[in-house]
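The structure appears below as structure tokens.
Just so it is clear, the model here is predicted, and its values are computed rather than measured. Side chains are part of it too, since the values below use all heavy atoms of this structure and drop only hydrogens, waters and symmetry mates. Along the sequence shown, residues are numbered consecutively beginning with 1.
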Amino acid sequence: MTEEPPGLDTRRLRAHLDRVSPGLAGGPLTGRVIPGGKSNLTYLVSDGSASWVVRRPPLGHVLATAHDMAREYRVMTALRDTAVPVPRTHLLCEDTGVLGAPFYVMEYVAGTPMRTADQISALGAEGTRAVAESLITTLGDLHAVDPAGVGLGGFGRPEGFLERQVRRWRKQLDASHSRDIPGIDDLHEKLARTLPEQAAPAIVHGDYRLDNVLVTAGGDISAVLDWEMAALGDPLVDLGLMLVYQRQPVEGGARAATAAEGYPSPEELVALYARATGRDVSRLGWYVAFGCFKLAVIAEGIHLRHTRGLTVGAGFDRIGEMVAPLVAAAHSTLKED
């Protein structure tokens with residue numbers, strides 16, 4: 001008998017599918033963890049002829065409002081007929097009696113999350129630049145979607161979004177607190193004190209970066225993934241966080257895909273976004289600093305789960321090392337803003 005991956009019971013899943021979506025699966029299910037994620041657990045599930053993807057929260061230390069399966073499912077379902085490429089959704093299960101946590105099932109989309117320079121360099125310098133430009137175009141397409149037009153008019157409260165985000169991630173930090181982090185309290189205070197005037201609201205992805213999209217062998221973006229932090233609010237938080245991710249190291253010492261020949265500089269990407277959307281990016285430094293703060297809090301939460309033995313997969317043991325450099329980078333960015 002094949003050993004089940006942690007957090008997935010394929011027999012219970014098959015029984016649930018038969019109840020709520022009869023005919024979707026045609027045989028016994030097998031599943032494996034799709035590696036690379038550091039938050040929600042993602043599995044590739046197959047009945048031997050067809051495959052699907054199952055998403056559920058991590059095994060422990062689930063922070064309030066984080067790892068929201070219903071949120072991911074709702075947003076991807078709403079965006080399915082827009083210019084934003086997303087997987088087709090099949091079903092959402094909020095009954096924790098099936099897998100021990102809420103989960104959803106979506107279609108399997110072919111493509112690779114580009115994490116290393118070796119991966120993306122196969123496309124050549126021109127292909128690498130084209131992927132980056134498509135990343136910006138897709139972000140602009142997302143920020144141009146009318147929320148009410150796709151059924152997301154009541155998805156959130158855009159007014160006061162930035163203030164609530166700064167407050168929310170302070171609460172998440174407090175919930176993940178397990179060690180002293182020099183400078184992070186002062187960083188939170190500076191962010192709260194220097195809030196920019198909020199940009200016109202849009203659907204915000206919340207964790208937009210190169211390796212949260214799938215890229216085909218031909219260099220096309222086939223799907224945008226990981227919508228657990230989606231909201232209605234200031235879209236510049238997406239651009240700011242994307243730039244933070246661009247300078248983050250890759251596990252194992254590999255060169256990041258964003259460092260490959262042909263990949264545009266942060267300044268070029270900002271100019272591309274400004275031209276594509278017409279949005280004012282003059283206060284982008286604040287959004288980059290906020291992105292550093294948010295990513296530091298996320299990393300600290302993952303670090304805590306790892307120390308408690310609640311993470312699944314490789315690469316979690318050094319996540320905590322990200323936090324101090326992110327806090328320092330945020331302070332440096334705020335000085336320049």
Side-chain angles (χ1 to χ4, degrees), residues 83-85 111-145 196-197 199-200 202-226 233-250 254-295 322 325-326 328-337:
V84 182
T112 301
M114 296 292 182
R115 296 189 175 94
T116 69
D118 285 346
Q119 287 176 311
I120 201 168
S121 292
L123 299 172
E126 290 186 5
T128 295
R129 182 175 181 87
V131 169
E133 291 177 349
S134 293
L135 191 68
I136 291 294
T137 299
T138 301
L139 185 61
D141 288 341
L142 171 64
H143 295 164
V145 171
E197 182 177 348
I203 299 171
V204 172
H205 179 278
D207 197 25
Y208 195 77
R209 63 184 194 263
L210 179 60
D211 62 338
N212 267 347
V213 305
L214 298 179
V215 179
T216 68
D220 297 319
I221 293 179
S222 55
V224 180
L225 307 176
D226 293 3
D234 189 329
L236 292 182
V237 297
D238 277 342
L239 182 61
L241 184 60
M242 190 187 80
L243 298 179
V244 174
Y245 276 120
Q246 182 168 353
R247 60 195 185 200
Q248 293 307 301
V250 177
R255 288 178 64 235
T258 53
E261 182 183 0
Y263 202 91
S265 68
E267 293 76 17
E268 289 178 283
L269 292 175
V270 171
L272 286 169
Y273 178 86
R275 286 199 297 269
T277 64
R279 291 183 179 270
D280 179 7
V281 295
S282 60
R283 288 290 315 276
L284 191 61
W286 185 95
Y287 295 89
V288 172
F290 172 70
C292 290
F293 176 67
K294 177 178 173 178
L295 186 54
M322 296 173 55
L326 283 165
H331 279 294
S332 176
T333 302
L334 284 177
K335 287 180 182 178
E336 300 170 0
D337 182 43

Smallest separation among heavy atoms of [X] and [Y], with atom names:
{"X": "Thr116", "Y": "Ala254", "value": "CG2-CB, 4.0 Å"}
{"X": "Arg275", "Y": "Leu272", "value": "NH2-CD2, 3.2 Å"}
{"X": "Ala257", "Y": "Ile120", "value": "O-CG2, 3.7 Å"}
{"X": "Pro113", "Y": "Gln119", "value": "O-OE1, 3.7 Å"}
{"X": "Asp234", "Y": "Val237", "value": "O-CG2, 3.1 Å"}
{"X": "Ser222", "Y": "Thr216", "value": "CB-CG2, 3.7 Å"}

Who pairs with Tyr287 by ring-ring contact (aromatic ring centres under 6.0 Å, His included), at least two apart in sequence or on another chain?
none
Just so I know, are the side chains of [X] and [Y] near enough to count as touching, which here means a heavy-atom distance under 4.5 Å?
{"X": "Val213", "Y": "Val215", "value": "yes"}
{"X": "Pro235", "Y": "Tyr273", "value": "yes"}
{"X": "Leu284", "Y": "Leu243", "value": "yes"}
{"X": "Trp286", "Y": "Leu236", "value": "no"}
{"X": "Thr258", "Y": "Gln248", "value": "no"}

With side-chain hydrogen bond (donor to acceptor under 3.5 Å, both in side chains) as the rule and sequence neighbours excluded, what pairs involving residues 238-247 come up?
His143-Asp238, Asp207-Tyr245, Arg209-Tyr245
Set of residues satisfying salt bridge (charged side-chain N to carboxylate O under 4.0 Å, His left out) with respect to Glu261, sequence neighbours excluded:
none
Going by side-chain hydrogen bond (donor to acceptor under 3.5 Å, both in side chains), name the residues that satisfy it together with Arg129, two or more places apart in sequence or in a different chain.
Glu133, Glu268
His205 side chain vs Leu142 backbone, donor-acceptor pair below 3.5 Å
no
Once side chain to side chain contact (heavy atoms under 4.5 Å, CB included) is applied, do any residues pair with Pro85, and if so which ones, sequence neighbours excluded?
Thr138, Ile221, Val224
If you look only at pairs with a residue in residues 281-294, which of them pass as a salt bridge (Lys or Arg N to Asp or Glu O under 4.0 Å), with sequence neighbours excluded?
Arg283-Asp337
